[in-house]
Undergrad: 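A single structure is presented below for examination.
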Amino acid sequence: MQESLQNLILSCLSDLIENGTIELDTLPKVQIERTRDPAHGDFATNIALALAKQAKTNPRQLAQNIIDQLADSPLVAKVEIAGPGFINFFLSKGASTNVIRDILEQGANFGRNDLGQGESVQVEFVSANPTGPLHVGHGRGAAVGDSLCRLLSTCGYKVTREFYYNDAGAQIDNLALSVQSRCQGLTPEDAGWPADGYRGDYIIDVANAYMAQESVQSEDRTVTALGDINDIQAIRDFAVAYLRREQDLDLKAFGVQFDIYFLESSLYESQAVEATVNQLIENNFTYEEDGALWLKTELFGDDKNRVMRKREGGYTYFVPDVAYHLNKWERGFKTVINEQGADHHSTVTRVRAGLQALGANIPEGWPEYVLHQMVLVMRNGQEVKLSKRAGSYVTLRDLIDEVGRDATRYFLVARAPSSQITFDIDLALAQNNENPVYYIQYAHARICSMLQKLEVGEQETALSSDQAIFEALSEPQEDALIKELDKFAGTVKQAGEQRAPHMIANYLKDLAAAFHTFYNAHKVLVDEPALRQARVALCLATKQVLRSGLDLLGVGAPESM
RNA sequence: GCGCCUGUAGCUCAGCUGGAUAGAGUACCUGACUACGAAUCAGGCGGUCGCACGUUCGAAUCGUGCCAGGCGCGCCA
């Protein structure tokens, strides 16, 4: 629709240039947008305002010239000049109800686009270290990352979901020591407890399972505990597997799955880390100082150079990170998006610097990052900081258990990742329009409930409605709902381009509102056959878009509540 | 001190590739079930878009400088 109008204006402009009414060197980009106020028509363009100066005339005059030149189109019922020189388009009935037909025909495919053209995209998210249960921040990462994947897939990308986990660093040693201490019966208050040991109660569970020689199966492996209190390596392997499984269960409960679990240790085993270091040395971007090996990240926009290899030996964390990202590049992903907490934003510059220094022809801004800010959890107006199990933070599992999967996902994905959010448990539990999740789901359930009252075969008839039947829809609430439905495809595309799944959440709230307004104002199942059929078709289309939109968020669309 | 993010209604937040009178929910005040689900709807109240300057026909949106908050600034990850 938008494109047709754009072309209409473009051809009109070239006519004006040809007949000498205006002088322009090149045809501009025509911006045409949906109006907010129905009094301004359906679409409006600011083209006359934008060109007035160049064309050496005043905007309203130019707008009039354009309108005079406009060819008749079956799409457009009326054109007006408004305000300082906007051109407002009022669509014909047939043009605006087209979307209902499209939705009914395309079903779940309605709203898809080919932005990605089948290109492969890798999205890395969550990537929690296997040292404890997932916390709310990981939950936000999971909600945003997974929704982003769904969105990109709808935008025609081939998406790979990846979870990277550190099973090789100092904190894993620390984890093993903590479990060992618990096996010995020590508590965090006792002398001899490791200095930075993990204090949460879940460590006791790990220790008990280890001593009982349990087996754990996680997504990518099975480990059986030896039960030997002195075998720190065995404790370590078991603890990692145990906590990975815990995280898997949390993610499963959250409706999030990954295609690949990538182990940091594999980068050492495959010599990828060593190869990366050698390449950096060979490229002359390193130097030795104070017994350590440094990378000249300053040359690539960092504010200081960074240590790669510590004095006591061993690499700092960003070295395997660079090797990991080289690996992603070599796997052929031209687009890689890392969704992670903003508290790790300093790695962005470092990883990109390392990749540039490798001289592997990787673009400067690669990979992309979506960074999410912190989540503050509130209950009864008080900040909630502790969970019994984890000791020092609120776990994702706590939230899912308390407010449910759908509400948790919705709240964590509904805000722009860049804004710090307050997760209000009382609000998420509320079952009214304080709570947008139920508001949207209720719209869907309401339609389903109404559809159950249809005569046999009536739904099929409505689904195959001829365009002409929609002439019966003339109420302002119907127009508003149709307009809202028509925004879906554009919203999906924009959200995909901007890596912004929260736009879908906002859209759904508007769509649900338009539906509820319509539903309260007019009865669907009226006696008059044409109107009845048209309204049923409108409801079916709304149901489809609600379902598709909720699916992009990983939130269910219940038929009854 | 430096870097990244944020500052919009009492509260929680949209809007930010510049456009018409800045939106939604909530809170507070009124109304609407003999009704296809009231988990809903209609109306009212509520704003110096942190402050200042600049660019522009036009700025919440872009630029600069301040102010405030969060997060980083480790030979931790």
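Just so you know, these numbers come straight off a predicted model, no measurement behind them. A, B, ... follow the sequence lines: proteins, then strands. Residue 1 opens every chain.
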Undergrad: Need one value for N46(A): base, sugar-phosphate or nothing, where a base atom within 4.0 Å counts as base even if backbone is also close, heavy atoms only.
TA: base

Undergrad: So which nucleotide from rC13(B), rU40(B), rA77(B) ends up closest to the side chain of N129(A)?
TA: rA77(B)

Undergrad: Taking any heavy-atom pair under 4.0 Å as a contact, classify T347(A): base, sugar-phosphate, or nothing.
TA: nothing

Undergrad: Under 4.0 Å between any heavy atoms, over every strand shown, what does A82(A) touch: base, sugar-phosphate, or nothing? Just pick one.
TA: base

Undergrad: How should the glycosidic conformation of rC11(B) be described, syn or anti, under the criterion that syn lies within 90° of 0?
TA: anti

Undergrad: Assign H516(A) to base, sugar-phosphate, or nothing according to its heavy-atom contacts below 4.0 angstrom with the strands shown.
TA: sugar-phosphate

Undergrad: Does a side-chain N or O of T517(A) approach OP1 or OP2 of rA42(B) to a distance below 4.0 Å, or not?
TA: yes

Undergrad: So what does D302(A) touch, heavy atoms closer than 4.0 Å: a base, only the sugar-phosphate, or nothing?
TA: nothing

Undergrad: Work out how far the P atom of rA14(B) is from that of rC75(B), and round it to whole angstrom.
TA: 36 Å

Undergrad: Just wondering, do H516(A) and R446(A) contact through their side chains at under 4.5 Å, heavy atoms?
TA: yes

Undergrad: Kindly point out which of rA20(B), rC41(B), rC5(B) is positioned nearest to the side chain of Q420(A)?
TA: rC5(B)

Undergrad: In whole angstroms, how far is the P atom of rG19(B) from the CZ atom of R34(A)?
TA: 17 Å

Undergrad: May I ask you to say what D290(A) touches in the nucleic acid, namely base, sugar-phosphate or nothing, with a heavy-atom cut-off under 4.0 Å?
TA: base

Undergrad: Tell me what H372(A) touches on the nucleic acid: a base, only sugar-phosphate, or nothing, going by heavy atoms under 4.0 Å.
TA: nothing

Undergrad: Looking at rC41(B), I'd like to know if its phosphate oxygens (OP1 or OP2) sit under 4.0 Å from a side-chain N or O belonging to Y439(A).
TA: yes

Undergrad: Say you pick atom P in rG74(B) and the same atom in rG65(B); how far apart are they, in whole Å?
TA: 25 Å

Undergrad: Looking across every strand, which nucleic acid part, if any, lies under 4.0 Å from K453(A) by heavy atom: base, sugar-phosphate, or nothing?
TA: sugar-phosphate

Undergrad: Quick check: any donor-acceptor pair below 3.5 Å linking the side-chain of H345(A) to the base of rG3(B)?
TA: yes

Undergrad: Considering only the P atoms, how many Å lie between rG19(B) and rC13(B), rounded to the nearest integer?
TA: 24 Å

Undergrad: Distance between the C1' atoms of rC45(B) and rA52(B), in whole angstroms?
TA: 32 Å

Undergrad: What's the closest nucleotide to the D303(A) side chain, out of rC2(B), rC76(B), rC36(B)?
TA: rC2(B)

Undergrad: Looking at rA39(B), does its base get a donor-acceptor pair with the side chain of Y438(A) below 3.5 Å?
TA: no

Undergrad: Looking only at atom P, what distance separates rA60(B) and rC16(B), rounded to whole Å?
TA: 14 Å

Undergrad: Distance criterion of 3.5 Å, no angle test: do you see the side chain of D510(A) paired donor-to-acceptor with the base of rA14(B)?
TA: no

Undergrad: What contact category does L371(A) fall into here, base, sugar-phosphate, or nothing, at under 4.0 angstrom with non-hydrogen atoms?
TA: nothing

Undergrad: Given the P atoms of rU21(B) and rG58(B), what is the spacing between them in whole Å?
TA: 14 Å

Undergrad: If you pin P59(A) and L49(A) to their nearest nucleotides in RNA chain B, which one's is more 5'?
TA: L49(A)

Undergrad: Does anything in residues 170-179 of chain A come within less than 4.0 Å of RNA chain B? Heavy atoms only, and list the residues if so.
TA: Q171(A)

Undergrad: What nucleic acid atoms does F318(A) come within less than 4.0 Å of, heavy atoms only: base, sugar-phosphate, or nothing?
TA: nothing

Undergrad: Remember a base hit wins even if backbone is also touched, and classify M561(A) as base, sugar-phosphate or nothing at under 4.0 Å, heavy atoms.
TA: base

Undergrad: On RNA chain B, check which nucleotide each of T45(A) and A445(A) is closest to and give me the residue with the more 5' one.
TA: T45(A)

Undergrad: Can you tell me if K304(A) touches the phosphate of rG74(B), counting only side-chain N or O atoms and a distance under 4.0 Å to OP1 or OP2?
TA: yes

Undergrad: Name the nucleic acid region contacted by E497(A), choosing base, sugar-phosphate or nothing; use a 4.0 angstrom heavy-atom cut-off, strictly under.
TA: nothing

Undergrad: OP1, OP2 of rA14(B) versus side-chain N and O of S419(A): anything below 4.0 Å?
TA: yes

Undergrad: Is the shortest side-chain N/O distance from T422(A) to OP1 or OP2 of rC13(B) below 4.0 Å?
TA: yes

Undergrad: Just checking H502(A): base, sugar-phosphate only, or nothing, at a heavy-atom cut-off of under 4.0 Å?
TA: sugar-phosphate

Undergrad: Any idea which of rG72(B), rA38(B), rC13(B) is nearest the R415(A) side chain?
TA: rC13(B)

Undergrad: Mind checking the P distance from rA38(B) to rU30(B)? Whole angstroms is fine.
TA: 23 Å

Undergrad: Considering only atom C1', compute the distance from rC49(B) to rG23(B) and round it to an integer number of Å.
TA: 12 Å

Undergrad: If only atom types and distance count, is the side chain of R535(A) paired as donor or acceptor with the main-chain N or O of L525(A) below 3.5 Å?
TA: no

Undergrad: Which nucleotide in the set rC75(B), rC41(B), rA20(B) lies at the smallest distance from any side-chain heavy atom of N520(A)?
TA: rC41(B)

Undergrad: Could you work out which one of rC36(B), rA14(B), rA77(B) sits closest to the side chain of R350(A)?
TA: rA77(B)

Undergrad: Would you mind reading off the distance between R306(A) atom CZ and rA77(B) atom P, rounded to a whole angstrom?
TA: 13 Å

Undergrad: Checking all strands, does A44(A) fall into the base, sugar-phosphate, or nothing category for heavy-atom contacts under 4.0 angstrom?
TA: base

Undergrad: Whole-Å distance between rG25(B) C1' and K509(A) NZ?
TA: 5 Å

